[in-house]
Amino acid sequence: MKYKLIAIFVCSFLFFVSCKDSEETDNSRHDWQARNAQWFAEKYDSARIAIAAAKAEYPHGNDWEQHCDWRIFRTLLKSQDVEGPATDHIVCKVINPGDGDVSSTYTDSVRLYYRAWLMDDNYPVSKTNMTIFSQTYYGDFDEKTAAPIAMATSSVVEGFATALQYMVKGDDWLVYIPQELGYKGAEADVIPAYSTLLYRIRIERVHKSGTGMPGWR
């Protein structure tokens, strides 16, 4: 009788833990599509307001770019003559500007470092409640020890490819990609469907199509 009671207790405990883990997983994905859409919309609005203020204060040409870290770019797969909805755009924050003068085109390749995040189960989103889902380096970034990876601009999701076609050598940006320019309604490995994606991208080199890809050091 004693051993039966112990067995029942152990089974009950394991069932409780299993259910609890399942509930936490379900909660972390609760209303996932809407919450991810809200996260991107908030970033888009913040960037739009900051850009508008900078343009109002520095109205001549592109002078405003020297006084504002935010950028908004429409996907290059759609006409640039119309603004379109927010979800046709990526939102970028310039951490450090590069010194290059050439961006990649869709047929070019780049050598870069990146780290990528998903929002977690808490809101509002901050660095303390995001989940890293992919990266090319670990810990704090150190250019002396980190190794960049090479990729074709055409090989990545639409939002990532758009960013690459605006970035130059040395650029270090945060790039927010709406679900519509990411994986949309499809899951991709550990990335749930309808996820807003956040990348920190550092461009090491741009390789023009047909020129080959030399060693990175």
Side-chain angles (χ1 to χ4, degrees), residues 15-55 68-95 112 114-136 151 153-167 172-202:
F15 177 77
F16 171 77
V17 171
S18 176
C19 288
K20 185 174 185 296
D21 289 342
S22 177
E23 287 175 1
E24 288 179 351
T25 300
D26 291 341
N27 288 338
S28 69
R29 298 291 180 256
H30 173 67
D31 207 14
W32 184 253
Q33 182 176 358
R35 289 194 297 121
N36 274 266
Q38 180 183 358
W39 178 28
F40 180 78
E42 289 174 355
K43 286 298 177 183
Y44 179 87
D45 286 342
S46 295
R48 181 178 53 80
I49 291 169
I51 291 170
K55 286 182 174 180
C68 181
D69 296 332
W70 291 99
R71 307 286 187 269
I72 295 175
F73 299 113
R74 193 169 196 228
T75 169
L76 292 170
L77 296 185
K78 293 190 177 181
S79 171
Q80 302 299 300
D81 296 331
V82 294
E83 183 176 351
T87 51
D88 279 352
H89 303 76
I90 59 171
V91 173
C92 307
K93 185 173 185 181
V94 178
I95 305 301
L112 54 79
Y114 76 82
R115 178 170 285 161
W117 295 267
L118 298 171
M119 68 179 294
D120 209 332
D121 57 340
N122 295 307
Y123 208 87
V125 181
S126 70
K127 279 290 182 68
T128 60
N129 60 23
M130 288 193 293
T131 301
I132 295 173
F133 69 84
S134 185
Q135 57 190 341
T136 62
M151 62 175 61
T153 301
S154 60
S155 69
V156 292
V157 295
E158 187 175 346
F160 198 119
T162 298
L164 294 182
Q165 291 174 84
Y166 283 100
M167 300 179 75
D172 178 2
W173 292 6
L174 285 174
V175 179
Y176 295 84
I177 300 174
Q179 39 193 272
E180 291 81 357
L181 302 183
Y183 294 98
K184 304 179 176 69
E187 294 184 2
D189 295 327
V190 298
I191 303 172
Y194 303 110
S195 293
T196 292
L197 310 174
L198 170 59
Y199 287 89
R200 182 166 182 174
I201 305 172
R202 297 170 167 89

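Source: prediction; values computed, not measured.
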**Q** Determine whether a donor-acceptor pair (N or O, by modelled atom type, separation under 3.5 Å) exists between the side chain of R48 and the backbone of I72.
**A** no
**Q** Where do D172 and R200 come nearest, in terms of heavy atoms and distance?
**A**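 So the two residues come closest at OD2-NH2, 2.8 Å.
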**Q** Check for a donor-acceptor pair, side chain of T136 on one end and backbone N or O of Y114 on the other, with a separation under 3.5 Å.
**A**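 Yes, the answer is positive, given that a donor and an acceptor are paired below the 3.5 Å cut-off.
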**Q** For L164 and I201, work out which heavy atoms get closest and say how close.
**A** CD2-CG2, 4.3 Å
**Q** What pair of heavy atoms forms the shortest contact from P178 to T196, and how long is it?
**A** CA-OG1, 4.4 Å
**Q** Check whether any side-chain heavy atom of R71 sits under 4.5 Å from a side-chain heavy atom of V94, and report yes or no.
**A** yes
**Q** Tell me the closest heavy-atom pair linking A163 and W173, and the distance in Å.
**A**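 Minimum heavy-atom contact is O-CZ3, 4.4 Å.
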**Q** Is the side chain of E158 donor-acceptor paired with the backbone N or O of L181 at a distance under 3.5 Å, no angle test?
**A** no
**Q** Nearest 0.5 Å please: distance from the OG1 atom of T153 over to the CG atom of L112.
**A**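 T153 atom OG1 to L112 atom CG measures 8.5 Å (nearest 0.5 Å).
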**Q** Between atom CH2 of W117 and atom CD1 of I132, what is the distance when rounded to the nearest 0.5 Å?
**A**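 Reported to 0.5 Å precision, the distance equals 6.5 Å.
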**Q** If you compare all heavy atoms of W70 against all heavy atoms of A50, which two are closest, and at what distance to 0.1 Å?
**A**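 So the minimum-distance heavy-atom pair works out to CD1-CB, 3.8 Å.
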**Q** Between V91 and A47, which heavy-atom pair has the shortest distance, and what is it?
**A**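 Looking at all heavy atoms of both residues, the shortest contact is CG1-CB, 3.7 Å.
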**Q** Test side-chain contact (heavy atoms from CB on, under 4.5 Å) on F133 and L118 and set out the steps.
**A** CA-CA 7 Å; F133 69 84; L118 298 171; 3.5 Å; yes
**Q** Can you list the steps and then say if I90 with Y166 is a side-chain contact (heavy atoms from CB on, under 4.5 Å)?
**A** CA-CA 11 Å; I90 59 171; Y166 283 100; 5.6 Å; no
**Q** For H89 and E83, indicate whether the former's side chain and the latter's backbone hold a donor-acceptor pair under 3.5 Å.
**A** yes
**Q** Return the OH to CD1 distance between Y183 and I177, rounded to the nearest 0.5 Å.
**A**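 Result: 8.5 Å between the selected atoms.
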**Q** Could you go through F73 and C92, starting from their C-alpha distance and side-chain angles, then the distance that decides it, and tell me whether this counts as side-chain contact (heavy atoms from CB on, under 4.5 Å)?
**A** CA-CA 8 Å; F73 299 113; C92 307; 3.9 Å; yes
**Q** Keeping the roles fixed (side chain from Q80, backbone from K78), state whether a donor-acceptor pair exists under 3.5 Å.
**A**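 Yes; at least one donor-acceptor contact below 3.5 Å.
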**Q** Measuring from S195:OG to K184:NZ, what's the distance to the nearest 0.5 Å?
**A** 13.0 Å
**Q** Taking the side chain as every heavy atom from C-beta outward, state whether F160 and M151 have any pair of such atoms under 4.5 Å apart.
**A**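 The answer is yes; the side chains approach within 4.5 Å.
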**Q** Could you check R74 against V82 for side-chain contact (heavy atoms from CB on, under 4.5 Å), going step by step and ending with a plain yes or no?
**A** CA-CA 9 Å; R74 193 169 196 228; V82 294; 3.4 Å; yes
**Q** Output the distance between atom CD (E180) and atom OH (Y194), rounded to the nearest 0.5 Å.
**A** 9.5 Å
**Q** Calculate, to the nearest 0.5 Å, the distance between atoms CG and CG belonging to D31 and N36 respectively.
**A** 9.5 Å
**Q** Salt bridge or not for D69 and K93, using N-O below 4.0 Å?
**A** no
